[in-house]
Amino acid sequence: EATEVPETTIEATAEVRADNRVPDVVGLQLDAVQSQLEELGLAVVVNEEASDEVEAGYIISQDIEEDTVIEDGMTITLTVSSGVQTVKVTDVTNQKADNAISALEAQGFRTSKEYEYSDTVTEGNVVKTNPTAGSDAVKGETIVVYISQGPEDTTVEVPKLLGLTKAQAKKELEKAGLKLDTNSGDSFVYSDTYEAGQIVSQSYSEGSKVDKGTAISVTYSNGPTPSY
């Protein structure tokens, strides 16, 4: 007579730890719970995933539901946050501002504009960005785009010095970002128009453009031409 073979199923043959159940670890720090899960007899597999909402190192999800009875050889997969997703800022230096801004916004960044003088970058093109090209930045972060205004105009207008004294001329020139040339000594001529000590001529005429810091030479009146 044939011996009846008992039904064999996974449930019947697996050794079930009825006292051990899978805990809910979502929202907890991986470092704080991994060893505890392994002590319960679970093999732990960790997958990382960028998240804007869950802090790096914390568990986003688990693939086995809470209260599931733990069986020998059971593996639990935990999805853990690697933090917010970062993107390398593309290099847009020397590009036209509109093209550069479009490229950065296509990466998921916001942008704002600043302007600065540059001797090397064409006016209207990008000098630099902040954060800098190649650095890691979070999507949605604002990238400041610095746009060239071209070379800075460092020229200033020469003020009228005729009729002024030496002290008055120094003051006027300092206000304009210029200085009085004192290297060659004071020069005097007779003048029937200007009183002694007043300036009768200047090396750069009133309103002419010169670089900041230029030294302006003047000639002073020695008073009226003497009559002999």
Side-chain angles (χ1 to χ4, degrees), residues 4-116 118 121 124-148:
E4 184 177 349
V5 179
E7 182 181 357
T8 302
T9 64
I10 293 175
E11 288 76 9
T13 57
E15 180 180 349
V16 177
R17 303 184 180 188
D19 56 335
N20 284 348
R21 294 180 181 272
V22 175
D24 180 9
V25 293
V26 173
L28 302 180
Q29 194 170 16
L30 175 66
D31 290 346
V33 300
Q34 184 168 355
S35 60
Q36 296 175 33
L37 293 173
E38 290 169 347
E39 286 173 6
L40 290 173
L42 289 166
V44 178
V45 173
V46 176
N47 291 330
E48 288 195 341
E49 181 179 294
S51 173
D52 295 335
E53 299 175 354
V54 180
E55 188 178 343
Y58 284 75
I59 297 167
I60 299 171
S61 65
Q62 60 190 71
D63 70 339
I64 301 178
E65 292 184 5
E66 178 187 7
D67 284 337
T68 299
V69 175
I70 298 173
E71 302 173 356
D72 274 351
M74 183 176 282
T75 297
I76 186 169
T77 300
L78 305 177
T79 301
V80 178
S81 172
S82 59
V84 292
Q85 185 177 1
T86 59
V87 180
K88 286 196 181 296
V89 178
T90 191
D91 187 357
V92 293
T93 52
N94 287 306
Q95 293 185 24
K96 288 183 178 179
D98 289 345
N99 294 343
I101 287 168
S102 295
L104 291 168
E105 290 179 349
Q107 286 190 287
F109 299 121
R110 295 185 178 92
T111 58
S112 66
K113 298 177 184 177
E114 295 286 346
Y115 294 87
E116 64 178 39
S118 173
V121 178
N125 287 6
V126 177
V127 178
K128 63 185 178 182
T129 58
N130 184 27
T132 57
S135 60
D136 291 325
V138 178
K139 279 192 173 183
E141 187 174 344
T142 297
I143 307 297
V144 183
V145 180
Y146 292 85
I147 301 167
S148 172

Fill in: Minimum heavy-atom distance E48-S82, with the two atoms named
OE1-CB, 3.8 Å
Worksheet item: Can you tell if the side chain of N125 reaches within under 4.5 Å of the side chain of K96, non-hydrogen atoms only?
Response: yes
Discussion item. Restricting to side chain to side chain donor-acceptor pair (under 3.5 Å), what partner residues turn up for S61, sequence neighbours left out?
Written reply: T79
Item to complete: Could you please spell out the steps behind the side chain to side chain contact (heavy atoms under 4.5 Å, CB included) verdict for V69 and R21?
Response: CA-CA 4 Å; V69 175; R21 294 180 181 272; 3.1 Å; yes
Practice prompt. Grab the two heavy atoms, one from A97 and one from V126, that are nearest each other, plus how far apart they are.
Written response: CA-CG2, 4.1 Å
Response to the item:
When rounded to the nearest 0.5 Å, the distance separating OG1 of T68 from CD1 of I76 is 8.5 Å
Item to complete: Drop me the distance from L104's CG to T142's OG1, to the nearest 0.5 angstrom.
Response: 11.0 Å
Worksheet item: side chain to side chain contact (heavy atoms under 4.5 Å, CB included) between Q62 and D24: does it pass, once the steps are laid out?
Response: CA-CA 8 Å; Q62 60 190 71; D24 180 9; 3.6 Å; yes
Worksheet item: Short question: side chain of E141, backbone of T86 - any donor-acceptor pair under 3.5 Å?
Response: no
Discussion item. Quick check: closest heavy atoms across N130 and Y146, and the distance to 0.1 Å?
Written reply: CB-CE1, 4.0 Å
Discussion item. Between N20 (side chain only) and I70 (backbone N and O only), is there a donor and an acceptor less than 3.5 Å apart?
Written reply: no
Practice prompt. Mind checking the OG1-CD spacing from T90 to Q107? Nearest 0.5 Å is all I need.
Written response: 5.0 Å
Discussion item. Taking side chain to side chain contact (heavy atoms under 4.5 Å, CB included) as the criterion, tell me which of V87, V84, D52 meets it with K139.
Written reply: V87
Discussion item. Ignoring hydrogens, what is the shortest heavy-atom contact between T77 and D63? Give both atom names and the distance.
Written reply: N-OD1, 2.8 Å
Worksheet item: For the atom pair CD1 (I147) and CG (D98), what is the distance rounded to the nearest 0.5 Å?
Response: 8.0 Å
Worksheet, complete the sentence: In terms of heavy-atom contacts, L37 and V25 come closest through CD2-CG1, 4.2 Å
Practice prompt. Hey, could you give me the CD/CG distance between E49 and L78, rounded to the nearest 0.5 Å?
Written response: 12.5 Å
Discussion item. Can you confirm whether L40 sits close enough to P23 that some side-chain heavy atom of one is under 4.5 Å from a side-chain heavy atom of the other?
Written reply: yes
Worksheet entry | CG-CD distance between L42 and E71, expressed to the nearest 0.5 angstrom | 10.5 Å
Item to complete: State whether the side chain of S148 and the backbone N or O of V121 hold a donor-acceptor pair below 3.5 Å, judged by distance alone.
Response: yes
Worksheet item: Heavy atoms, side chains only, cut-off 4.5 Å: are V22 and E65 in contact?
Response: no
Item to complete: Locate the shortest heavy-atom distance separating V89 from A137; write the atom from each residue and the value.
Response: CG2-CB, 3.8 Å
Item to complete: List in chain and number order the residues that pass salt bridge (charged side-chain N to carboxylate O under 4.0 Å, His left out) with K88, two or more places apart in sequence or in another chain; answer none if no residue qualifies.
Response: D136
